[in-house]
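Single-structure report; data block below.
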There are 2 protein chains.
Amino acid sequence: MNQRLKTMAENRAKLILAARKAFAEKGYAASSMDDLTADVGLTRGALYHNFGDKRGLLAAVVEQIDSEMAAHAKKARAKAGDGWQGLLAEGVAYIELALDPEVQRIVLLDGPAVLGDPSQWPSQSSCLESTKLIVERLIAEGTLKQIDAEAAARLLNGAALNAALWVAASAAPQDVLPKAVAAFSALATGLLKAPA
Amino acid sequence: MNQRLKTMAENRAKLILAARKAFAEKGYAASSMDDLTADVGLTRGALYHNFGDKRGLLAAVVEQIDSEMAAHAKKARAKAGDGWQGLLAEGVAYIELALDPEVQRIVLLDGPAVLGDPSQWPSQSSCLESTKLIVERLIAEGTLKQIDAEAAARLLNGAALNAALWVAASAAPQDVLPKAVAAFSALATGLLKAPA
DNA sequence: TAATTTAATATACACGCCGTATGTATGGTA
DNA sequence: TACCATACATACGGCGTGTATATTAAATTA
């Protein structure tokens with residue numbers, strides 16, 4: 001088979017892996033591309049050929065992490081069913097995901113600053129889209145109030161992410177997590193037509 | 001009177017003003033300290049003497065904008081009274097404030113990435129504190145459910161900020177703003193003990 | 001299989017920016 | 001008036017990015 005494509009894919013994977021580590025530990029700005037590439041036995045030549053520039057590498061990293069997050073959230077939702085409980089479960093899953101330092105630093109802090117508004121990212125918007133679809137169905141079912149589905153989906157995600165940041169930055173995350181989840185659930189019930 | 005302190009204060013103000021402009025337009029990373037200081041007839045010497053480093057300048061800028069935001073939100077709340085309506089009004093005020101590109105870029109994007117978690121900033125935490133106080137009073141009054149006041153305050157602020165980012169990034173902000181406000185209000189009613 | 005072409009990666013260079021160390025000049029003070 | 005402190009300017013070193021050129025290894029074709 002094609003040898004070149006294979007090694008190229010391997011090199012891309014190696015660079016992304018090293019970048020996840022470096023970006024998470026030192027932050028995007030403080031990560032040297034020379035060091036990063038040298039760590040995996042390459043030079044900046046490979047990097048600029050594969051990703052265009054430093055931002056391109058960050059975008060690739062963000063996309064990877066983001067898709068992992070979406071998969072995780074989707075699994076959590078599936079476990080809780082496709083109705084109201086599923087929507088709640090997805091939000092809670094996001095909160096828990098953002099406890100990961102990699103997610104915090106790369107996706108929540110540096111990502112927006114360097115790449116711009118997350119809702120424009122292809123990966124995030126897919127996740128948002130799925131949330132929006134559930135909301136739309138629940139509205140049609142009469143479970144939720146008649147509000148703009150996209151607005152509701154965005155604010156739910158936003159609240160969840162913010163809760164996650166709070167939990168992550170706190171001194172005792174395991175104590176704060178349940179409070180955050182409780183507050184999130186309470187807020188979410190505001191969308192219900194007939195409150196629980 | 002003391003001439004030196006006066007000119008120093010003037011220079012600080014000039015630098016902060018120029019930084020607000022540069023950071024808002026080009027972003028923090030792309031703003032050159034040489035250019036910035038030259039714009040106001042100074043050199044980096046003045047900057048590093050007054051603010052320590054580039055981050056220090058950003059911190060000063062963020063603090064200034066942040067305090068302006070807090071003042072604005074407080075005023076909006078006062079106008080709507082000190083109860084539940086005031087809490088809502090404060091959230092809506094935040095959403096509207098974040099339509100300002102300066103606020104978006106500096107406070108919401110670059111600020112967290114460079115300075116770290118916003119809840120640690122002295123200015124923001126003061127605003128959060130005031131929200132928390134209202135929530136606590138409303139809980140004591142029996143207006144709100146028995147939930148953690150800090151959690152509720154944080155998620156409210158988080159949802160509002162996220163709504164603002166969405167509105168700001170949209171093609172037709174004036175159309176999206178009412179949807180965001182409606183969704184925010186709906187979410188917030190989830191905190192009420194007896195839903196409206 | 002040998003020559004040729006393609007392209008993935010390495011190397012080398014130019015430029016800009018930050019932070020610091022040192023110099024200078026002006027305002028306060030005795 | 002002479003001295004000192006300090007706010008600011010100047011000069012320097014180092015690092016990091018992005019790009020242009022070179023090299024090497026794989027794929028293709030005859």
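Note on naming: letters A, B, ... go to the chains in the order of the sequence lines (proteins, then strands), and numbering restarts at 1 for each one. Computation of the quantities below employed the complete heavy-atom set of this structure, encompassing side-chain atoms and omitting hydrogens, waters and symmetry-equivalent molecules.
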Donor-acceptor contact below 3.5 Å, side chain Asp117(B) vs main chain Ala169(A)
no
Taking the nucleotide of DNA chain D with the nearest heavy atom to each, does Gly52(A) or Thr7(B) sit closer to the 5' end?
Thr7(B)
In the structure I gave you, are the side-chain heavy atoms of Arg12(A) and Leu15(A) within less than 4.5 Å of one another anywhere?
no
Taking atom types as modelled and ignoring hydrogens, do the side chains of Ser170(A) and Lys179(A) form a donor-acceptor contact shorter than 3.5 angstrom?
no
What is the separation between atom CG on Leu5(B) and atom P on dA7(D), rounded to the nearest whole Å?
8 Å
Has the side chain of Lys145(A) got a donor or acceptor atom that lies under 3.5 Å from a matching backbone atom of Ala183(B)?
no
Residues touching DNA chain D, which here means a heavy atom under 4.0 Å, drawn from residues 16-43 of chain B
Gly41(B), Leu42(B), Thr43(B)
Test: salt bridge (Lys or Arg N to Asp or Glu O under 4.0 Å). Region: residues 13-30 of chain B. Which pairs qualify, not counting sequence neighbours?
Arg20(B)-Glu68(B), Arg20(B)-Glu102(B), Lys21(B)-Glu25(B)
Here the pair of heavy atoms bringing Ala188(B) nearest to Trp84(B) is O-CH2, 3.2 Å
Minimum-distance nucleotide (side-chain atoms of Gln3(B) versus dG28(C), dC8(D), dT9(C))
dG28(C)
Could you say whether His49(A) or Arg44(A) is positioned toward the 5' end of DNA chain C, judged by the nucleotide with the nearest heavy atom to each?
His49(A)
Could you tell me how far apart Phe51(A) (CZ) and dT19(D) (P) are, to the nearest whole angstrom?
16 Å
Can you tell me how far CZ of Arg44(A) sits from OG of Ser32(A), rounded to the nearest 0.5 angstrom?
8.0 Å
Mind checking whether Val40(A) and Val61(A) sit in one hydrophobic cluster, side chains of I, L, V, M, F, W, Y counted as touching below 4.5 Å?
yes
Starting at OH of Tyr48(A) and ending at P of dG16(D), how long is that distance when rounded to a whole Å?
11 Å
Residues in residues 54-65 of chain A with a heavy atom under 4.0 Å of DNA chain D, by number, are Lys54(A)
Ignoring the backbone of Asn11(B), work out which of dC8(D), dG18(D), dA8(C) is nearest its side chain.
dC8(D)
Between dT9(C), dC8(D), dG18(D), spot the one nearest the side chain of Asn50(B), thanks.
dC8(D)
Do the non-hydrogen side-chain atoms of Leu58(B) and Phe51(B) ever get within less than 4.5 Å of each other?
no
Between P of dG19(C) and CG of Leu47(B), the distance in whole Å:
9 Å
